[in-house]
There are 2 protein chains.
Amino acid sequence: MTQATPTPTQSAGFGFPLVRRTGYLLNKAGSILMEDAERALAEQGMRLRYFYVLAALESDLSLSQQDLSRLLHLDPTTMVALVDEMERAGQVERRRNPSDRRRYILRLTDDGRAALERAGRAVDAVERDFLAAVPAEDRERLRALLGELLAGRWPRVIACE
Amino acid sequence: MTQATPTPTQSAGFGFPLVRRTGYLLNKAGSILMEDAERALAEQGMRLRYFYVLAALESDLSLSQQDLSRLLHLDPTTMVALVDEMERAGQVERRRNPSDRRRYILRLTDDGRAALERAGRAVDAVERDFLAAVPAEDRERLRALLGELLAGRWPRVIACE
DNA sequence: TATTGTTATACTCTATAACTATA
DNA sequence: TATAGTTATAGAGTATAACAATA
């Protein structure tokens with residue numbers, strides 16, 4: 001130890017001006033939660049972005065790849081590789097959209113649905129752990145508040161049947 | 001237009017199961033805010049991570065590079081390049097720590113302090129815009145809630161004088 | 001002429017390992 | 001032996017541009 005002061009090691013929460021910024025806290029909370037979820041999903045060979053794709057397809061909106069990339073804020077070229085992998089893993093099917101043959105309609109397979117449920121349980125557990133520090137009433141308030149803040153910022157999706 | 005259904009374009013908020021997850025909302029809110037801030041800061045040749053470093057050094061804790069990297073969750077090797085750039089820009093100084101000559105003590109210069117203030121105003125504006133959708137009382141509640149959730153997760157920092 | 005999906009490519013970011021100087 | 005800072009390098013992730021098929 002090479003400390004010259006009596007209180008060398010301190011929690012960062014005190015004199016660190018960023019922690020008084022809601023923006024920084026939001027950022028930090030989001031990235032911590034993401035990392036925790038990524039770690040939990042890795043145990044089942046799953047990744048957060050696969051989980052997002054599976055969850056988006058569960059809504060059964062007949063989404064194309066570009067719909068997905070807009071929805072999940074991922075580059076369309078990234079989405080190609082993503083869907084490639086998931087198709088190879090047997091979790092997703094590409095079908096041509098008969099009313100617009102440029103587009104696919106992506107569908108969950110049974111395996112995909114099973115993987116989604118398993119992953120969902122892991123992500124649930126991570127969120128529960130993270131939110132356990134505050135009472136249930138505050139957890140619900142937080143969710144509602146975030147919903148309001150993001151209400152105007154969801155991408156528009158073209159979903160055709 | 002190639003739609004076959006009467007309601008082709010829809011907001012994603014409705015049948016998209018992820019938006020009911022606090023974790024997804026937190027993640028999304030954090031990344032939206034980060035992108036907005038990055039865009040605003042780019043206009044003054046600033047970046048969010050530079051701003052974070054400047055803000056961390058404002059606290060005057062005699063932080064070393066590794067303290068900073070732990071605090072901001074950036075790799076120590078990334079921090080080297082970061083501080084290099086900021087030193088070249090005249091915003092930060094490296095001084096050797098006399099009580100441990102392996103470590104630096106990083107200090108803000110006057111230019112760094114000015115850049116911090118300018119950037120702080122831009123980030124303030126971005127946060128204000130983002131949070132404007134809810135009343136002031138809810139904004140404060142959100143900040144307090146996030147603070148509680150993150151309370152146990154700040155890294156320990158060795159700050160020597 | 002515009003759009004979906006695709007490929008190739010470049011660019012950025014991050015992570016790993018090895019080195020030096022100090023402890 | 002361990003740590004702070006550094007460098008070089010590899011890897012992952014992302015963005016850009018061009019192309020074929022379809023609208």
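Chain naming here is simple, since letters A, B, ... match the order of the sequence lines and numbering starts at 1 in each.
- Taking atom CG of residue B:Leu82 and atom P of nucleotide C:dA15, one finds them 13 Å apart after rounding to whole Å.
- Summarising the geometry, the separation between CZ on A:Arg70 and C1' on C:dT4 is reported as 10 Å, rounded to the nearest angstrom.
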_salt bridge (Lys or Arg N to Asp or Glu O under 4.0 Å) for B:Arg39 and B:Asp36? Distances and angles first, verdict last._
CA-CA 5 Å; B:Arg39 228 184 333 266; B:Asp36 287 355; 2.8 Å; yes
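- Not one side-chain nitrogen or oxygen of A:Arg94 sits closer than 4.0 Å to the OP1 or OP2 atom of C:dT4.
- The interatomic distance linking B:Leu106 (CG) with D:dG5 (C1') rounds to 11 Å, in whole Å.
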*Candidate pair A:Thr109 and A:Asp111, rule side-chain hydrogen bond (donor to acceptor under 3.5 Å, both in side chains), full reasoning*: CA-CA 5 Å; A:Thr109 64; A:Asp111 279 3; 5.4 Å; no
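- Looking at which nucleotide of DNA chain D each of A:Asp75 and A:Arg101 is closest to, the 5′-most match is held by A:Asp75.
- When the side-chain nitrogen and oxygen atoms of B:Arg103 are compared with OP1 and OP2 of D:dT6, none of them lie within a distance under 4.0 Å.
- Between A:Met79 atom CE and C:dG5 atom C1' there is a gap of 12 Å when expressed in whole angstrom units.
- Listed nucleotides D:dA23, C:dT16, D:dG5 differ in distance to A:Asp100; the shortest reach to its side chain belongs to D:dA23.
- Each of B:Gln66 and A:Arg49 was assigned the nucleotide of DNA chain D with the nearest heavy atom; the assignment lying further toward the 5' end belongs to B:Gln66.
- Remark: P of D:dA4 and CG of B:Leu71 are 15 Å apart, rounded to the nearest angstrom.
- Separating the OH atom of A:Tyr50 from the C1' atom of D:dA12 is a distance of 12 Å, rounded to the nearest angstrom.
- Scanning atom types as modelled, one donor and one acceptor separated by under 3.5 angstrom connect the side chain of B:Arg102 and the base of D:dT3.
- For B:Glu38 and C:dC13, the CD to P distance is 9 Å, given to the nearest whole Å.
- For the pair A:Phe16 and B:Leu63, the minimum side-chain heavy-atom distance is 4.5 Å or more.
- Side-chain proximity of A:Thr77 to D:dT16, D:dA23, D:dT6: nearest is D:dT16.
- Picking from D:dT14, C:dT7, D:dA4 the nucleotide with the shortest atom distance to the side chain of A:Asp84 gives C:dT7.
- One can place NE2 of A:His73 at 11 Å from C1' of D:dT14, the figure rounded to the nearest angstrom.
- For the pair B:Arg96 and B:Tyr104, the cation-pi test (distance below 6.0 Å, angle within 45°) is passed.
- For the residue pair B:Leu74 and B:Arg49, the shortest heavy atom distance occurs at CD2-NH2, 3.7 Å.
- OP1 or OP2 of C:dT6 has at least one side-chain nitrogen or oxygen of A:Tyr104 nearer than 4.0 Å.
- B:Arg96 has no side-chain polar atom (N or O) that falls below the 4.0 Å cut-off from OP1 or OP2 of C:dA23.
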